[in-house]
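Order of appearance sets the numbers: ligands from 1, and atoms from 1 within every ligand. Throughout, residue positions are numbered sequentially from 1 according to the sequence presented. Not measured: the values here are computed from a predicted model.
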Amino acid sequence: MKSSEVVKREARADCESCPLVPERREFLRSMSAFALAAISLSLPIRSATAKVLSSAVAGRKLLSYPVPATDGADIDRGNEVILVRYRNEVFAFNLSCPHQNTALRWNETDMRFQCPKHHSQYQPDGEFITGRATRNMDRLAIRRDATNNIVVDPDTLYRSDEDAAEWKAAVVKL
Ligand code: FES
């Protein structure tokens, strides 16, 4: 009967020609996991907090955000709003995927939105790229006020398939 140390030594010797010996493979696997974790940590998925403004329409609220200082996505989970600054334009989106209402995620590396449920993907301006969805992300009514803040109406939602002109116009140009 061979000891476990002998078995390991023989296994190592058998694998001299392997592209990667087990220890090296394990080391690289753990390094990859570490690298992925580092990349994930470096993704600035920002969270936004809105100031709630009174609306002219009773029972409705308007949300006010400072203009994002740099390109990226600011997610306001409490109000289910995504604010995006991209190439000198600002958009507001409903947080839900237009396919089956799953909360979308922002991938800063690929500069696109991804749905975790059926993997639909969207451009930063909400245009559909691929997946099961059948339209662009739903935009919310948006404007810039006199104090230079972005004002979003979370109750006024534009679908690209039903409100094409409003959807296209729902943008603040910086
Ligand atoms: S819920 Fe997003 S693609 Fe289906």
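Under a 4.0 Å N-O distance rule, the pair Asp155/Lys61 does not qualify as a salt bridge.
The aromatic rings of Trp106 and Phe113 lie tilted to each other, with the angle between the two planes from 30° to 60°.
Panel detail: atom 4 (Fe) of ligand 1 has protein N, O or S atoms under 2.8 Å away, 2 in number.
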Arg159 and Asp138: CA distance, side-chain angles, deciding distance, salt bridge (Lys or Arg N to Asp or Glu O under 4.0 Å) verdict: CA-CA 5 Å; Arg159 292 174 49 138; Asp138 296 329; 5.2 Å; no

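Between Ser96 and Thr102, the closest side-chain pair of non-hydrogen atoms is not below 4.5 Å.
Checking side-chain atoms of Asn136 against main-chain N and O of Phe128 turns up a donor-acceptor pair under 3.5 Å.
Transitive grouping of hydrophobic side chains (ILVMFWY, heavy atoms separated by less than 4.5 Å) keeps Tyr122 and Trp167 in distinct clusters.
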